[in-house]
Amino acid sequence: MQTQNSITNLFISSGVPGLDEVLAGGLTRDRLYLVEGEPGTGKTTLALQFLNEGARLGESVLYITLAETAVELLSVANSHGWTMEGIHIEEILPNEDVLDPAQQYTIFHPSEIELGNTTQRIVNAIDKYKPRRVVLDSLSELQLLAESPLRYRRQVLALKQYLTSRSCTTIFLDDRTALSTDLQVRSVAHAVLTLDLADQAYGSDRRRLRVVKYRGIAFHGGAHDYKIISGGLQIFPRLVAAATRVASKRRQLSSGLPALDQQIGGGLEEGMSTLISGPPGTGKSTLAAQFVHAATQRGERCAMFLFEEARNNMLNRAAGLGMDLAGAIDRELLTIQQIDPAELAPGQFSHAVMQAVERGARVVVIDSLNGYLNAVPDERFLAIYLHELLTYLGQRGVVSIIVGVQQGMIGSGMTTTVDASYIADNVIMLRYFEAQGEVRQAISVFKKRGSEHERTIRRFLIGSGGIEVGPVLKDFHGILTGVPTYDGPSAGRSPG
């Protein structure tokens, strides 16, 4: 089988951001393509992007509409800021005579007359404009006119042969509104693209594109999230970490806190993922920000994705602890993106992370895992999404930090919505404990794959001067229970 990349001169761009990547390079020239989906999935928008790309290249392009009027198409184009300049529109619509009973057919069935007339008008339009790109909207009208599957298939085959002989790259749109679903065109088309709209219980609907077939091409399979924004469809190809392997030397990145570096074995290794886990308020986000602050101080680029805390709150809180993250943003060393999980598809988030890495980010923070869970419609697949993302970051030598919030405050009854500790390379645990009438915080490293680390539990404090990692809590026993006992030199003495 000949791969697409070996004969790139025979392929053209679809004009849709991300689609050429899914198709392993673009559309094979002079072939017939089927784009199917229910009304509202963006078929017309995709078709107009395809034609606009041809018009931009100076090609003759033609939109044949059997359902929508030219005014309606122009309205769609205006909503995306397109002028439709250079795009020929051929309306093949029923005229007003069908409303007059005196003009209706009595001897012949309407399909016997109208199908032939419709086909002839399509042929005449192609002969008139001699297009290189053609869109036919929609096949449901032809299927209803043909009535029988045999007649419908022959009609589509005849159109395919005619268009191919005229060196046309053609997209047929199918809105699936015919009386019966028919796979006739799927077998005839060179490639089949399906657009799907899934209802969500809350937030925006999720849209996905799937390539059902593409003859002779090793396309990017699976479901790919996409959005319809001002400017057309934007497709976010599904992240496949295996296709992004990059070998690189790994070095340790310091946190900027000597005691913490000692506890975690010298620092966090490049290409490793770290889960910072603990109950609310223990300082997980602050600790993640400390790693970012230290990296930007060294002149390294970082990216933070906030699902819960507002961007401005994060910057103000960091500034109060002596971390100049706002200055790092001004120096273009840090990007902070606030994410709305109700409006975000998993593929869109992965695409944003990949773009940050391509811009040179060496440290990526996801705060928090619970917010990311809300962006994934089915939590059964959260581990798969997260594993692919962390594998991609690891293969690029990026230090990835994930914040995980545990439910509960003190003791062994704390739980987590999703357990990602087995996916992460490192696990840093923050805990509350009670001692001498005060609620204190402790830090420990439960897991570290990159190097040796301390098994100790240290005091963890956050003050106006920033984060302080204190000495090992040797004199306490049972800190992880939340209510430890003191075994130090003064144990057993009276409070006085």
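Values in this document were obtained by computation on a predicted structure and should not be read as measured data.
A distance of 9.5 Å separates CG of Leu287 from OG1 of Thr282, quoted to the nearest 0.5 Å. Rounding to the nearest 0.5 Å gives a distance of 8.5 Å between CZ of Arg176 and CG of Leu195. One distance of note links OG of Ser138 with CD1 of Ile64; it measures 12.5 Å at 0.5 Å rounding. Here the OG-CZ distance, from Ser254 to Arg298, works out to 6.0 Å after rounding to the nearest 0.5 Å. Rounded to the nearest 0.5 Å, atoms OG (Ser368) and CD1 (Ile276) are 12.0 Å apart. The CG atom of Leu260 sits 5.0 Å away from atom CD1 of Ile443, with the distance rounded to the nearest 0.5 Å.
In this structure, His80 places its NE2 atom where more than 12 heavy-atom neighbours from other residues, nucleotides or ligands lie under 6.0 Å away. Within 6.0 Å of CD in Glu72 there are more than 12 heavy atoms belonging to other residues, nucleotides or ligands.
Here the closest heavy-atom approach between residue Tyr214 and residue Val211 is recorded as CB-CG1, 4.2 Å. Ala424 approaches Leu275 most closely through the heavy-atom pair CB-CB, 3.8 Å. Between Pro237 and Ile235, the shortest heavy-atom contact is CD-O, 3.3 Å. Contact between Ile89 and Met84 at its shortest, heavy atoms only, is CD1-CE, 3.5 Å. Minimum heavy-atom separation, Ser451 to Gln252: OG-NE2, 3.5 Å. Between Ile457 and Ala442, the shortest heavy-atom distance links the atoms CG2-CB, 3.7 Å.
A cation-pi geometry, defined here as NZ or CZ lying under 6.0 Å from the six-membered ring centre and within 45° of its normal, holds between Arg133 and Phe50.
Side chains of Lys160 and Phe172 form no contact here, defined as non-hydrogen atoms less than 4.5 Å apart. For the pair Thr169/Arg132, no side-chain contact is recorded, criterion being any heavy-atom separation below 4.5 Å from C-beta on. A heavy-atom distance below 4.5 Å is found between the side chains of Val76 and Thr45. Looking at heavy atoms from C-beta onward, Met272 lies out of side-chain contact with Val399 at the 4.5 angstrom threshold. Taking 4.5 Å as the limit, every side-chain heavy atom of Val135 sits out of range of all side-chain heavy atoms of Thr65. Contact annotation: the side chain of Leu209 approaches that of Leu193 to within less than 4.5 Å [non-hydrogen atoms, C-beta and beyond]. Asp196 has its side chain out of reach of Thr41: every pair of non-hydrogen atoms, C-beta onward, lies at least 4.5 Å apart. Under the 4.5 Å side-chain criterion, counting only non-hydrogen atoms from C-beta, Leu334 is not in contact with Arg301.
Panel note: side chain Lys447, backbone Ile428; no donor-acceptor pair is recorded below 3.5 Å. Between the side chain of Tyr432 and the backbone N or O of Pro280 there is at least one donor-acceptor pair closer than 3.5 Å. Not one N or O on the side chain of Tyr63 forms a donor-acceptor pair closer than 3.5 Å with the backbone of Leu73. Looking only at distances, no side-chain donor or acceptor of Asp137 sits under 3.5 Å from a matching main-chain atom of Glu68. Ser255 places a side-chain N or O within donor-acceptor distance of the main-chain N or O of Leu257, the cut-off being under 3.5 Å. Lys448 contributes no side-chain N or O that, together with a main-chain N or O of Val427, makes up a donor-acceptor pair within less than 3.5 Å. Checked by atom type and distance alone, the side chain of Gln290 never pairs as donor or acceptor with a backbone atom of Ile467 at under 3.5 Å. Side-chain N or O atoms of His453 include none that pairs as donor or acceptor with a backbone N or O of Arg449 at under 3.5 Å. Of the possible polar contacts, one joining the Asn52 side chain to the Leu48 backbone as a donor-acceptor pair under 3.5 Å is found. Looking at Lys213, its side chain does come within 3.5 Å of a backbone N or O of Ala189 through a donor-acceptor pair.
Ion pairing between a basic and an acidic side chain is recognised when a charged N comes within 4.0 Å of a carboxylate O; Arg459 and Glu468 show no such pairing. The pair Arg207-Asp225 does not count as a salt bridge, with every side-chain nitrogen at least 4.0 angstrom from each carboxylate oxygen. Remark: Glu270 engages Arg251 in a salt bridge, criterion side-chain N to carboxylate O under 4.0 Å.
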### Task
Give the intermediate values and the outcome of side chain to side chain contact (heavy atoms under 4.5 Å, CB included) for residues Ile264 and Asp261.
CA-CA 5 Å; Ile264 62 179; Asp261 288 344; 4.3 Å; yes

### Steps toward side chain to side chain contact (heavy atoms under 4.5 Å, CB included) verdict (Tyr33, Arg31)
CA-CA 7 Å; Tyr33 298 89; Arg31 296 291 188 271; 3.8 Å; yes

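The stretch residues 318-351 participates, sequence neighbours left out, in these ring-ring contact (aromatic ring centres under 6.0 Å, His included) pairs: Phe236-His351, Phe305-Phe349, Phe307-Phe349, Phe349-Tyr372.
Partner of Val363 under the side chain to side chain contact (heavy atoms under 4.5 Å, CB included) criterion, chosen from Leu268, Leu393, Val292: Val292. Screening Thr391, Asp425, Asn426 against Ser273 for a side-chain hydrogen bond (donor to acceptor under 3.5 Å, both in side chains) leaves a single residue, Asp425. Just one residue in the list Glu36, Arg208, Arg210 forms a side-chain hydrogen bond (donor to acceptor under 3.5 Å, both in side chains) with Thr194, and that residue is Glu36.
Side-chain polar atoms of Thr164 and Asp30 form no donor-acceptor pair below 3.5 angstrom. No side-chain N or O of Arg431 forms a donor-acceptor pair with one of Ser444 less than 3.5 Å apart. Looking at Gln263 and Arg455, their side chains never bring a donor and an acceptor atom within 3.5 Å of each other.
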